[in-house]
Amino acid sequence: MNHVDLADSADMAEAIAKILPAIQEFYRFEGPDLAVRRSADWKKHLTTPLPQQGKGLDSVLNDLIQTVIPNGLRNGHPGFAGWVTTSPTSSGTVAHLAASVAGSQRYWIQAFNYLEALGLDWLKELLDLPPAWQATFTSGGSSANLIGLGAARQWAFEQIGVDPSMTGIPDGVRFHIYASVEVHHVVNRAAAVLGIGRRNVVGIPTDRDHRIDLSALEDRLQQDAAEGIRPMAIVATAGTVNVGAIDPINEMADLAVKYGSWLHVDGAYGLFGKLDQRVAHLYEGLNRADSAAVDPHKWLAAPLGNGVAFVRDKNILGRAFTLEPAAYLEGSESQNGILQSPFDEFGEKYFDFNLDQSAPSRGVAVWAILKEIGAQGMADRVVRHNSFARLLADIVRNHPKLDLVTEPVLSICCFRFNDGIHSGKELNGINAEIAARLRAEGQFVPSTTVVKGIYAIRPCYINPRTREEDVTGLAKRVAELGTELGTELGKEQT
Ligand SMILES: Cc1ncc(COP(=O)(O)O)c(C=O)c1O
């Protein structure tokens, strides 16, 4: 019998060193992005039958260096401003790598585990959230919202004498979740997973600033109360994914109190926006929320897989997500419905507040980035990015062939090409083609959205590498491409 495993770790440092030049090269973002155009080639190279005999470490490294890394996603390119995503900076990446080697299992007294708690404390301090709120790292905004709403469900059913985590949801009780029609669709999915149902997320219309219409919300709360439908949660979005609007959190907190509802704030994208004093007042009432979500893997540019849920009441969160006593957790018992064990002294009790039992260390990346740039560095980033969106809006306003579609609140600016010649439908087509050509060119890569029927180019600035010339360059290129396309369309029509 062979007692040596082919998967060795003796030469790990050497293996990591071998791929570093390919990573460095990728992060230069030079030349056109060929990943899509070359996809037939790299797919063919990678598509092999499961090897019966291992090919060895060098074979893996060669594939990574030559085929995988060069064809990765360039969302860290300075001109990339699509969706709400970017790629990580150095300190977070190095911390992530270190954690995958030395910090993966957190149920122990160990430094990574300690940084999990410290990272959460630093985030609360940075965002000026109550220190007593329980926080927990998650894999991203989807699960952070699920956890916040899971706590909401626990609270709401306990109000009627039911423990949903123990007994499930009883028949005949109706609960609604209220959110603006601009809410991110992960909230609808959370409702599905929690057994509430997507249809029980009530989409409330928005005002002209794309914020939830408070009187429509109150009307619906009243109407539902009259029909015996209870509010499980009101969800405020702090930074909507389409346009970056911030719902009136304070007034929504008033309604939550008045109608007896939990208030959850989805700040996956926009909670860090609070660091910009120009818009900080829009977050008034945040500390009245019962739960909130934020994504370090967005504006903080932590490696992907890094979200956070905050919940005011640790015990409600614990009753919703706790594990149960088990023989392998020597000395464990349940106290007030929450697992207690001698291991609790070992660090952050993420396993009681979360969907994971085993999980990668995420706090270390947050700690590393905040240690590197400081609270001031993060505030500077947010201000710079919000200013980019305002700069773009100014350029657009003063350009004869560009239209501003939404006034920036945070770092999103929605605009479009409009030469004043083509109809609305034609303009939607022209702008869609502009976006497609921008993606193909790879120099300026925003994403797009539709705002009240208008197809808009939608850059979202969260990428630490973006420079002012990437913002001005985008406006210029959109106007150039639109003019070319408008002329082409004119010729086709004559
Ligand atoms: C407002 C908002 N909520 C939730 C999410 C989902 O986050 P994730 O993609 O990390 O799951 C996003 C993603 O862009 C978002 O913008």
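Nothing here was measured: the structure is a model prediction, and the numbers come from that model. One-based numbering, in listed order, for ligands and for the atoms of each.
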Task: Contact with ligand 1 for Gly307, non-hydrogen, under 4.0 angstrom - done: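 Distance cut 4.0 Å: Gly307 fails for ligand 1.
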Against heavy atoms of [X], which atoms of ligand 1 measure under 4.0 Å?
X      : answer
Gly239 : 1 (C)
Val241 : 16 (O)
Gly140 : 10 (O)
Gly141 : 7 (O), 8 (P), 10 (O), 11 (O)
Ser142 : 6 (C), 7 (O), 8 (P), 11 (O)
Asn145 : 4 (C)

For [X] and [Y], which I'm curious about, is there any donor-acceptor pair between the side chains at under 3.5 Å?
X      : Y      : result
Asn71  : Arg38  : yes
Asp219 : Gln223 : no
Asp213 : Ser215 : yes
Thr86  : Asn75  : no
Glu372 : Ser91  : yes
Thr237 : Arg211 : no

How close does the nearest protein non-hydrogen atom get to [atom], and which residue and atom is it?
atom                    : answer
atom 7 (O) of ligand 1  : Lys298 NZ, 3.0 Å
atom 1 (C) of ligand 1  : Asp266 OD2, 3.4 Å
atom 15 (C) of ligand 1 : His184 CD2, 3.2 Å

- [ ] From the options Leu146, Thr240, Asp295, Ile412, select the one whose nearest heavy atom is closest to atom 10 (O) of ligand 1.
- [x]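 Looking at heavy atoms only, the winner is Asp295.
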Task: Within-cut-off N or O pair, His297 and ligand 1, under 3.5 Å - done: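 Between His297 and ligand 1, an N or O pair is found under 3.5 Å apart.
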TODO: Measure up the Tyr178 and His176 rings against each other and bin them: parallel (under 30°), tilted (30 to 60°), perpendicular (over 60°).
DONE: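 If you compare the ring of Tyr178 with that of His176, the planes turn out perpendicular.
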- [ ] May I ask you to check whether Phe26 and Phe29 place their ring centers less than 6.0 Å from one another?
- [x]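 They qualify: ring centres under 6.0 Å apart.
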